[in-house]
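I'd like to ask some things about the structure below.
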Amino acid sequence: QVFPSQDPLDRADFNAVEYINALFPTEQSLANIDEVVNKIRLKIRRLDDNIRTVVRGQTNVGQDGRQALEEAQKAIQQLFGKIKDIKDKAEKSEQMVKEITRDIKQLDHAKRHLTTSITTLNHLHMLAGGVDSLEAMTRRRQYGEVANLLQGVVNVLEHFNKYMGIPQIRQLSERVKAAQNELGQQILADFEEAFPSQGTKRTGGPSNVLRDACLVANVLDPRIKQEIIKKFIKQHLSEYLVLFQENQDVAWLDKIDRRYAWIKRQLVDYEEKYGRMFPAEWCMTERIAVDFCHITRAELSKIMRTRAKEIEVKLLLFAIQRTTNFEGLLAKRFSGCTLADGTGKKPEVPPPSTNPFLEDETGPETDEIVMEKSDTDKPKKPKVPDNPFHGIVSKCFEPHLYVYIESQDKNLGELIDRFVADFKAQGPPKPNVDEGGAVLPSCADLFVYYKKCMVQCSQLSTGEPMIALTTIFQKYLREYAWKILSGNLPKTTSSSGGLTITSLLKEKEGSEVAKFTLEELCLICSILSTAEYCLATTQQLEEKLKEKVDTSLMERINLTGEMDTFSIVISNSIQLLVQDLDAACDPALTAMSKMQWQNVEHVGDQSPYVTSVILHIKQNVPIIRDNLASTRKYFTQFCIKFA
């Protein structure tokens, strides 16, 4: 195992007989026996020599091993001594390095402290000089220089926050605060002198001093800036509160244009006189407009509560239209960046109009509502407010929109009554099998009016008024379905024609007539087509209403009940057509069942009852097919139910 060998003599299962047979496999090979014997003897001698050498070599092994062990022990002792010597030298080197670096660390600390001291002294010198200059400039009202100096002093003072325990530093900090307070009070006093809050006349005006004072206010406490803005805007709008008091004629809704015309003039006047006085980032023009909107909203709300009984629909819509137009102008002129800060409360901004009907309108001559099915496949637009000012004033009209909703309720009621009267006066539509069954024109008129209401209401509000309008829509969709469609379906005189017109079999072939006339069949098909149009359009109407209303109110819009109503009208119409044809064929089928076959002596070409059935089918089915050409699926349903 230790020394692998291929020699057969080294194998554990060595067999001498097999080995000899391998050496001499044949008789002829015995001729070389002497040569083989000599090779084996030579190998034996070599093995004897190797064994002898190994045995002799083992006689001195013990002595040599002891000698080698002693030499190893001596080497280990020498190595241990060298290691101890190296360790001693390392400790001495470490001690020496510590002594050397001790002086270097001291120098580094001294350098850092010295640098800090010099920097702090420079800052202290700048702070002391700056405070003195700041106090002097404040007394002289040199606001232009103060604006730059004050910012530098404040920045330098921040470096001394950790030194406030030093009396001199604390004293300088208090002087800076005192100077800031004095500046704030002084600037407010200057603005009060230039723009007094008492009275409506402005005795002062813009000046370079006030312009520089605004730059200083940017560095002071933000409350100073807010106070300046608040006082200036209040003084600027004081005339508005006087001119449009609640007891003035111009304060009512019919003269709401004058409010917006007044603020437009004021903004132009401000730009000309004071545009350069205030920094651009203060957005003073927008702030004035926003405060005007808040005041107008509050004043309009108050006066409408007081004179609620005087609000009419036309007047309300006029005021809302003018207000939304004004809000649109604000959006074009301003960005709305001031709506979120402290000068005014940001109004609740409803989503903008996403009414697809607005985009589909082609002009006032459009008489039919366009609700293409492809629109329903388009992704809905995200409700992102494009106009940040939308509702900032017009929100005050929302509590009074019930006037508009009641008006639409009344108008739709009158519209349904007119549809009923027109149908009775004009009668059912004339049969026109060439063009197929026509949708009743009143249906298109109804949805055109719905479109108009939806567009109008979406401009007013996307909240609860839209839900109220949806309820009105539901009410009159049901009324249209029952009064116009179901109410005008022809009435059947009996439920089974088989027992009442058997006598017709006794008449001549071809004399039988369908229970419904041609005009009545056309009317049923027309009502069915109209109900299908209403069903599809109502489904799209629901989707558009959900797009228009606030997200939180979408679940409250559900026109499933109205769609089910139109489905019932369709089902009833198909059932009437089926019953009519079934009743016409029933006498012939009854005759077939009573046929006395034992009395028949000769085979004819076609039985009379077959001829009768074919006649009625040829009379009714083509008419129904042509009148339902636009709604093939319902013609198919008719055929299936009849079969």
Side-chain angles (χ1 to χ4, degrees), residues 76-188 190 208-209 211-228 279-282 341-342:
I76 291 172
Q77 290 176 356
Q78 292 175 0
L79 181 61
F80 181 75
K82 290 181 180 180
I83 291 174
K84 184 177 181 182
D85 186 43
I86 291 173
K87 183 178 179 182
D88 293 340
K89 289 181 179 180
E91 291 176 352
K92 292 179 180 179
S93 298
E94 184 181 0
Q95 186 65 27
M96 186 182 300
V97 169
K98 286 182 179 179
E99 292 176 357
I100 294 173
T101 56
R102 183 184 299 115
D103 297 335
I104 296 175
K105 288 182 179 179
Q106 288 178 351
L107 291 174
D108 286 341
H109 288 309
K111 178 183 177 182
R112 185 164 59 252
H113 294 161
L114 184 60
T115 302
T116 304
S117 299
I118 293 173
T119 304
T120 305
L121 286 174
N122 285 335
H123 287 163
L124 182 61
H125 176 70
M126 294 168 57
L127 180 61
V131 172
D132 292 338
S133 301
L134 182 63
E135 292 174 343
M137 292 177 182
T138 300
R139 288 191 294 271
R140 294 194 296 269
R141 282 182 166 77
Q142 295 176 339
Y143 295 133
E145 293 80 0
V146 168
N148 296 325
L149 179 60
L150 180 59
Q151 185 62 57
V153 169
V154 171
N155 293 338
V156 172
L157 189 60
E158 291 178 357
H159 295 286
F160 290 93
N161 287 336
K162 55 186 177 182
Y163 303 120
M164 287 302 170
I166 302 174
Q168 291 83 352
I169 302 298
R170 187 168 60 250
Q171 183 180 2
L172 285 173
S173 175
E174 291 173 354
R175 288 175 61 188
V176 172
K177 291 181 181 178
Q180 288 178 318
N181 293 334
E182 183 180 353
L183 273 171
Q185 298 301 322
Q186 188 170 298
I187 290 173
L188 290 176
D190 291 344
N208 292 333
V209 174
R211 183 185 61 193
D212 295 338
C214 292
L215 299 178
V216 177
N218 270 336
V219 186
L220 296 174
D221 190 325
R223 289 178 295 182
I224 301 298
K225 169 186 170 182
Q226 299 297 340
E227 188 68 21
I228 293 173
E281 63 269 18
W282 285 21
D341 60 21

Sequence neighbours left out, what passes salt bridge (Lys or Arg N to Asp or Glu O under 4.0 Å) with Lys98? Give chain and number order.
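By the salt bridge (Lys or Arg N to Asp or Glu O under 4.0 Å) rule, Lys98 matches Glu94.
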Sequence neighbours excluded, which residues qualify as side chain to side chain contact (heavy atoms under 4.5 Å, CB included) partners of Ser93?
none
All side chain to side chain contact (heavy atoms under 4.5 Å, CB included) counterparts of Gln77, not counting sequence neighbours:
none
Restricting to salt bridge (Lys or Arg N to Asp or Glu O under 4.0 Å), what partner residues turn up for Asp85, sequence neighbours left out?
Lys89
The criterion is side chain to side chain contact (heavy atoms under 4.5 Å, CB included); which residues satisfy it with Gln95, sequence neighbours excluded?
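Partners of Gln95 under the side chain to side chain contact (heavy atoms under 4.5 Å, CB included) test: Glu99.
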Extract all donor-acceptor atom pairs below 3.5 Å that involve side chains of residues 110-117 and protein atoms in other chains or at least two apart in sequence.
from   : atom 1 : to     : atom 2 : distance (Å)
Arg112 : NH2    : His109 : ND1    : 2.6
His113 : ND1    : His109 : O      : 3.3
Thr115 : OG1    : Lys111 : O      : 2.9
Thr116 : OG1    : Arg112 : O      : 2.9
Ser117 : OG     : His113 : O      : 2.7

